[in-house]
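Each chain gets a letter, A, B and so on, in the order its sequence line appears, and its residues count up from 1.
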Amino acid sequence: MTIPSSPKTIDELMNRAYDMAGLTLGQLAHSHGFTTPENLKRDKGWVGQLIEHELGALAGSRPEPDFLHLGIELKTIPVDSKGKPIETTYVTVAPLIDIQGLTWETSVVSHKLQTVLWVPIQGDRDIPVSQRQIGTPILWSPNETELALLKQDWEEIMEFIALGQIKQLTARHGEVLQLRPKGANSRSVTQSIGPNGSTMMTNPRGFYLKIPFTQSILSRAFD
DNA sequence: ATGTGATCATGT
DNA sequence: ACATGATCACAT
């Protein structure tokens with residue numbers, strides 16, 4: 001099995017991404033000696049890891065951009081036959097303590113979303129995983145409108161957290177960015193700020209991009 | 001437990 | 001049909 005080197009320039013990365021467009025996951029998996037699972041029930045991150053490997057992402061599971069030297073984050077996104085995202089997009093875990101002084105500008109969310117390489121993948125469950133096609137890659141950075149929406153949602157959500165109101169926060173908050181559980185299961189716990197300002201235990205949360213938002217990003221690529 | 005990669009599956 | 005809350009695998 002070959003280990004692709006990490007691309008040295010954005011052009012090199014994009015050329016590689018364009019080169020795999022149109023291939024099926026099965027074809028790509030075979031070229032890397034990966035075994036394609038029957039379904040993704042127990043292999044939820046398989047597609048992302050396959051594409052990471054093909055493009056030479058350094059990542060691992062460290063809290064860094066996939067292509068640190070290029071400042072680019074890689075995200076595969078499952079789409080239906082019309083090109084509409086099937087799932088929300090995970091961004092990062094949410095900080096629940098020691099958040100005094102944290103601003104949008106210094107947040108992990110804003111840093112991760114500065115530049116994203118989106119790789120659409122056919123995700124309809126009636127298509128066998130091995131036959132799902134890889135789509136045209138999109139290099140995206142938020143425009144002013146998108147940035148304003150993201151910042152507004154982030155600030156609203158973080159205010160709830162800072163005020164110890166995390167129990168009142170649901171995925172319904174936020175126009176484009178939402179907070180949802182992110183952990184092994186509902187019994188996972190982490191520290192958070194309680195209503196009285198002290199510490200309590202809660203389920204770890206993650207920031208996710210809502211579907212209409214990512215849908216508009218994908219659409220924008222065809223302007 | 002935390003963070004990476006995400007999708008599953010149930011209720012509405 | 002759809003989004004929310006829950007869940008899976010793996011590395012550290």
Next item on the list: For A:Trp118 and A:Glu73, test the side chains for any donor-to-acceptor distance below 3.5 angstrom and give the result as yes or no.
Entry: no
Note to self: What I want to check is whether the side chains of A:Thr103 and A:Thr106 have a donor and an acceptor closer together than 3.5 Å.
What the structure shows: yes
Checklist line | Close approaches to DNA chain C from residues 35-47 of chain A, in residue order (heavy atom, under 4.0 Å) | finding: A:Lys41, A:Arg42, A:Lys44
Check: Looking at DNA chain C, which of residues 150-177 of chain A put a heavy atom within less than 4.0 Å of it?
Finding: A:Thr170, A:Ala171, A:Arg172
Note to self: Students often get this wrong, so: under 4.0 angstrom with heavy atoms, is A:Pro204 touching a base, only sugar-phosphate, or nothing?
What the structure shows: nothing
Item checked: Sugar-phosphate, base or nothing in reach of A:Gly206, heavy atoms under 4.0 Å -> nothing
Checklist line | Earlier contact from the 5' end, DNA chain B, for A:Ala184 and A:Thr76 | finding: A:Ala184
In this structure, how many angstroms lie between the [atom2] atom of [N] and the [atom1] atom of [X], rounded?
X: A:Lys182; N: B:dT4; atom1: NZ; atom2: P; result: 8 Å
X: A:Glu52; N: B:dG3; atom1: CD; atom2: C1'; result: 13 Å
X: A:Arg125; N: C:dC2; atom1: CZ; atom2: P; result: 13 Å
X: A:His53; N: B:dA6; atom1: NE2; atom2: C1'; result: 18 Å
X: A:Asn185; N: C:dC10; atom1: CG; atom2: C1'; result: 15 Å
X: A:Trp118; N: B:dG5; atom1: CH2; atom2: C1'; result: 14 Å
X: A:Ile211; N: B:dT7; atom1: CD1; atom2: C1'; result: 11 Å
X: A:Ile51; N: B:dG5; atom1: CD1; atom2: C1'; result: 12 Å

Donor-acceptor pairs under 3.5 angstrom involving side-chain atoms of residues 152-167 of chain A: please list them, not counting sequence neighbours.
{"from": "A:Asp153", "atom 1": "OD1", "to": "A:Glu175", "atom 2": "N", "distance (Å)": "3.0"}
{"from": "A:Asp153", "atom 1": "OD2", "to": "A:Glu175", "atom 2": "N", "distance (Å)": "2.8"}
{"from": "A:Asp153", "atom 1": "OD2", "to": "A:Val176", "atom 2": "N", "distance (Å)": "2.6"}
{"from": "A:Asp153", "atom 1": "OD2", "to": "A:Leu177", "atom 2": "N", "distance (Å)": "3.0"}
{"from": "A:Gln165", "atom 1": "NE2", "to": "A:Leu163", "atom 2": "O", "distance (Å)": "3.4"}

Check: Do the rings of A:His53 and A:His32 sit parallel, tilted or perpendicular, given the 30° and 60° boundaries?
Finding: perpendicular
If you look only at distance, which donor and acceptor atoms sit under 3.5 Å apart when one is on a side chain in residues 179-188 of chain A and the other is two or more places apart or in another chain?
{"from": "A:Arg180", "atom 1": "NH1", "to": "A:Thr88", "atom 2": "OG1", "distance (Å)": "3.0"}
{"from": "A:Arg180", "atom 1": "NH1", "to": "A:Gln178", "atom 2": "OE1", "distance (Å)": "2.5"}
{"from": "A:Arg180", "atom 1": "NH2", "to": "A:Thr88", "atom 2": "OG1", "distance (Å)": "3.4"}
{"from": "A:Asn185", "atom 1": "OD1", "to": "A:Arg187", "atom 2": "N", "distance (Å)": "2.8"}
{"from": "A:Asn185", "atom 1": "OD1", "to": "A:Ser188", "atom 2": "N", "distance (Å)": "3.3"}
{"from": "A:Ser188", "atom 1": "OG", "to": "A:Ala184", "atom 2": "N", "distance (Å)": "3.2"}
{"from": "A:Ser188", "atom 1": "OG", "to": "A:Asn185", "atom 2": "N", "distance (Å)": "3.3"}
{"from": "A:Ser188", "atom 1": "OG", "to": "A:Asn185", "atom 2": "O", "distance (Å)": "3.1"}

Which atom names give the shortest non-hydrogen contact between [X] and [Y], and what distance separates them?
X: A:Pro95; Y: A:Leu102; value: CG-CD2, 3.8 Å
X: A:Tyr90; Y: A:Tyr208; value: CA-CD2, 3.6 Å
X: A:Leu25; Y: A:Thr36; value: O-OG1, 4.5 Å
X: A:Gln114; Y: A:Pro142; value: O-CD, 3.6 Å
X: A:His69; Y: A:Ser6; value: CE1-OG, 3.3 Å

Notebook entry, point to check: When the C1' atoms of the five terminal pairs at each end define the local axes, what inter-axis angle does the helix from B:dA1-C:dT12 to B:dT12-C:dA1 show, to 10 degrees?
Noted result: 30°
Name the atoms and distances for all side-chain donor-acceptor pairs under 3.5 Å in residues 119-131 of chain A, with sequence neighbours left out.
{"from": "A:Gln122", "atom 1": "OE1", "to": "A:Gln133", "atom 2": "N", "distance (Å)": "3.0"}
{"from": "A:Asp124", "atom 1": "OD2", "to": "A:Ser81", "atom 2": "N", "distance (Å)": "3.3"}

Notebook entry, point to check: Want to settle it: does A:Gln49 or A:Arg180 sit nearer the 5' end of DNA chain C, counting the closest nucleotide to each?
Noted result: A:Arg180
Next item on the list: Take A:Asn196 and A:Ser198, measure what side-chain hydrogen bond (donor to acceptor under 3.5 Å, both in side chains) needs, and give me the verdict at the end.
Entry: CA-CA 6 Å; A:Asn196 54 11; A:Ser198 65; 2.6 Å; yes
Checklist line | Residues which pass salt bridge (charged side-chain N to carboxylate O under 4.0 Å, His left out) with A:Glu105, listed by chain and number, not counting sequence neighbours | finding: A:Lys151
Item checked: Distance in Å, A:Leu55 CG paired with A:Leu117 CG, rounded so as to fall on 0.5 Å steps -> 6.5 Å
Next item on the list: Hey, could you give me the OG/CG distance between A:Ser110 and A:Leu147, rounded to the nearest 0.5 Å?
Entry: 8.0 Å
Note to self: My understanding is that only residues two or more places apart in sequence, or in another chain, count here; which of them pass side chain to side chain contact (heavy atoms under 4.5 Å, CB included) with A:Thr92?
What the structure shows: A:Val108, A:Val109, A:Lys112, A:Phe207
Next item on the list: Return the set of residues passing side chain to side chain contact (heavy atoms under 4.5 Å, CB included) with A:Lys84 (not counting sequence neighbours), or none when no residue passes.
Entry: A:Asp80, A:Ile211, A:Gln215
Item checked: Test: A:Glu146 and A:Arg220 ion pair at under 4.0 Å -> yes
Note to self: What's the closest nucleotide to the side chain of A:Pro181 if the choices are B:dG5, B:dA9, C:dG5?
What the structure shows: C:dG5
Margin query: Taking atom types as they are modelled, would you say the side chain of A:Tyr208 forms a donor-acceptor pair with the base of C:dA3 within the 3.5 Å cutoff?
Written below: no
Check: Do A:Ile217 and A:Val116 have side chains that get closer than 4.5 Å, going by heavy atoms?
Finding: no
Are any protein N/O atoms closer than 3.5 Å to N/O atoms in nucleotides 10-12 of chain B? If there are, list each pair with its distance.
none

Next item on the list: Check DNA chain B against residues 186-197 of chain A and give the residues with a non-hydrogen atom under 4.0 Å, in numerical order.
Entry: A:Val189, A:Thr190
Item checked: Proximity to DNA chain B (any heavy atom under 4.0 Å), residues of residues 80-104 of chain A only -> A:Glu87, A:Thr88, A:Tyr90, A:Thr92, A:Val93
